[in-house]
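Let me begin by presenting the structure, written as structure tokens, before commenting on it.
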Amino acid sequence: MERGQDDFLAELNEEQRKAVEATEGPVMIIAGAGSGKTRVLTYRIAYLLKKGIDAFHILSLTFTNKAAAEMKERIIQLMGSDARNLWMGTFHSVFARLLRREADKLGYPSNFTIYDSDDSKTLIKSITKELGLSDSTYKASSLLGRISSMKNMLISAEMYANDPQYQSDDRAARREHFSQIYLTYNKRLFKSGAMDFDDLLYQTNILLRDHPDVLLKYQNMFRYILVDEYQDTNLSQYMILRQLAARHQNIAVVGDDAQSIYAFRGANIQNILNFQKHYPDTQVFKLEQNYRSTKTLVHAANQVISKNKDQLQKTVWTSNGEGEKIQLMRGMSDTDEGRQIAQSIFDFKISGHAANSEFAILYRTNAQSRSLEEALRKLNIPYRIYGGISFYQRKEVKDAMAYFRLAINPHDEEALRRVINYPKREIGDTTFDKLIVAAADNDISIWMVLDNLKDFSLGLSPRVSERITEFVNMIKSFAAMVPNYTAYQLGDYIYYTSGIKRELEQDRTPEGMSRVENIQELLNGLKDFSEKPLDEGIIPTLSMFMEDVALLTNEDRNKDDEKDHNKVLLMTIHSAKGLEFNYVYIAGLEENLFPSQMALTSREELEEERRLFYVAVTRAKKQAVLSYAISRYRYGSPQSNEPSRFLEEIPAECINNLSYREQASEHVYSRTPSGYRGFTAPAKVVPPVSIVGKRLVSMNKAAQTSLPMDNSHLSGLKVGARVEHERFGQGEVLSVEGVYPNSKATVMFANGEKKQLLLKFAKLKIVG
DNA sequence: GGACGTTCTGTTTTT
DNA sequence: CAGAACGTCC
């Protein structure tokens, strides 16, 4: 093979190299698990740059912002800092950026707000309420789900309303008002100057469709398009790509049909299965050699996935060693399952000299993390939940950010709803309802009503009107400051001026203190952002900071905290895509949990669950350990389970049957909801919060994601602490139990009365 | 309008 | 079990 100036491709195998060098025309790279897909993408971009293509002309779409950042870093290492101009990121972040540039063409302000799913749901709830519909038949989450899938199929509210098929479906399903909700929802978003997640893709499609000049501009800009995880694209994304690539046809997609796991959010596996039909001149490359896993793991995964019908032909193989058999563990309960997994990690750490970071525990649902965390904590194994609920979704953070949002775009209805009466300023629900009605009647945003209050006769008391004027003036004063101050200066000023600071700091309960810490962290983020060097004369404003905050996940936010490095990672299988670990544990392999009960209604759904299982197993390099629990607490009561059907699909020679350690734990034999099984839950349910020494040492997941593991921030509430209750006076904490934030404290008050207080509500001051 | 106690009800994955 | 919704009191 010739070397010379392409020497930097030396670390690629022949097929990978071909895939890198085929730069012109449509290219499909079918990349089996562990076949070096990321490497190919990275080198492909580097190779394009090397050929003299301007970074500005290359668009690379990845599945997470983190993946994009890592790839960019690597390319900069290879090719130098010109690579900074690459367009890289998720579909959502890249096209949000594009939409901000072109927003005026769609009638949006360029500083439009991006609603996250919470904002969307609240808006939908408000709409169904205004329409007088019952929220039990019209559930916000399922309405949003349907709206989302319509947008992803590029079906507008108007098209939907005029489609006889949809209309009769809706009548049959007793949701005949759906199209009205869809219409109103979109209208309200528009009036608010806001887009939801799906709009970012939908509106991009509209923009490119209706503005040929804009389309041409971006076709010529993005001469080379690369798409990772193509199997997980939906119709909306497919159409954007089709429009952008139509002129130069340099589109390279990388994917693995066996790893398509996002059908629930509109991903269409047909996109990859039919790529060659869409682009007849496609060159196809197959990367079939797996460099990651042992023969045993590759064989097991292959055998399981072969049960699926819809597949592209490929044979993943490896020249790696045979390796260990997959281990199967059986736990009596979820607690027991956790204990065994933690014990097993402990053992591997000793026998294999393995570091914490070599382990991952994967599960199907977030709710499963609880029992695993507890078990890890008991063995002092440090862990971190990867992904998980975003920092930016926390209530106090969203409240503060709602002020930021209003300063940038006062028409933002959801931000307004959040803070118009927070901190309390006597503008209650009744008043807000009147404002909504006035806004709807006049077809304007709520802000316009607020700002021109005297033009509307709403029957508000002078006192309330006065308070509204104060509020409006405050927001206006913030808005005026946006262009001239850094994000940190203004953020800090708003935190103080809005009264949030005073409000939060009043609350001296442990939870209240952690809320203050979270805002502190938000402000630190603003500070970092504000100190980032920019081009001369450009101020890093709050508006710039807020641009893509709604699109960030926890992983994007994390600084490389040294202490976060060597930890066992816990995550859902979905968020494990693209990652690899020496030791992978897959917990909860039970029928109805994995495969999920919800997914058992059709063959396609079951096949997606099987692909999920495939993804999970192929994350492992050395060893996979699978476990299931015979009985598991769900929603407060024990349920008995059958082992997952996927276990039986693993070839017998790849798995060692039930290598579980028999550990005597307190079990009783009794009835479970689905009958006698021989095993059930532990006799004694260990409460999720325990007192060790005098300290409260455990808490629930929501709190853990951002808080130190030793929970020292809760140390304010020690047993024995002196507290003061606003009604009952001083007392002493006798015990704390239950789960944060619903934990209950028993307090002995000075008058001899013993009270149990729900900490979520009780205003306790710590006085000693 | 706010504080807090009680009742109800939900069951997947995420940009 | 845990959060949301509802209800009652000030």
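First the proteins, then the strands, lettered A, B, ... as listed; each starts at 1. Please read all numbers here as calculations on a predicted model, not as lab measurements.
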Of the options B:dT13, B:dG10, C:dA5, whose atoms approach the side-chain atoms of A:Asn366 most closely? B:dT13
Closer to the 5' end of DNA chain B via nearest nucleotide, is it A:Phe197 or A:Glu609? A:Glu609
Candidate nucleotides B:dG1, B:dT14, B:dG10, ranked by approach to the side chain of A:Asn421 - the nearest: B:dG1
Over all strands shown, is A:Asn65 touching base, sugar-phosphate only, or nothing at heavy-atom distances under 4.0 angstrom? nothing
I want to check one thing: is the phosphate of B:dT14, taken as OP1 and OP2, less than 4.0 Å away from some side-chain N or O of A:Ser117? no
Could you please spell out the steps behind the side chain to side chain donor-acceptor pair (under 3.5 Å) verdict for A:Thr90 and A:Ser93? CA-CA 5 Å; A:Thr90 60; A:Ser93 65; 3.1 Å; yes
Choosing from B:dT13, C:dA2, B:dT15, which nucleotide comes nearest the side chain of A:Arg370? C:dA2
Look at atom CZ of A:Arg603 and say whether more than 12 heavy atoms of other residues, nucleotides or ligands are closer to it than 6.0 Å. yes
What nucleotide, of B:dT15, B:dT13, B:dG1, holds the atom closest to the side chain of A:Thr431? B:dG1
Among A:Arg265, A:Lys151, A:Gln203, find the residue that satisfies the side chain to side chain contact (heavy atoms under 4.5 Å, CB included) test when tested with A:Asp198. A:Lys151
Would one find a side-chain N or O of A:Ser596 under 4.0 angstrom from OP1 or OP2 of B:dT11? no
Within the 4.0 Å heavy-atom criterion, would you say A:Lys577 contacts the bases, only the backbone, or no part of the nucleic acid? nothing
OP1 or OP2 of B:dT12 versus the side-chain N and O atoms of A:Arg265: is any pair under 4.0 Å? no
Think A:Lys129 has a side-chain N or O under 4.0 angstrom from the OP1 or OP2 of C:dA5? no
Base of B:dT14 and ring of A:Phe264 stacked, centres under 5.5 Å, planes under 30°: no
Nearest listed nucleotide, side chain of A:Thr430, among B:dT14, C:dA5, B:dG1: B:dG1
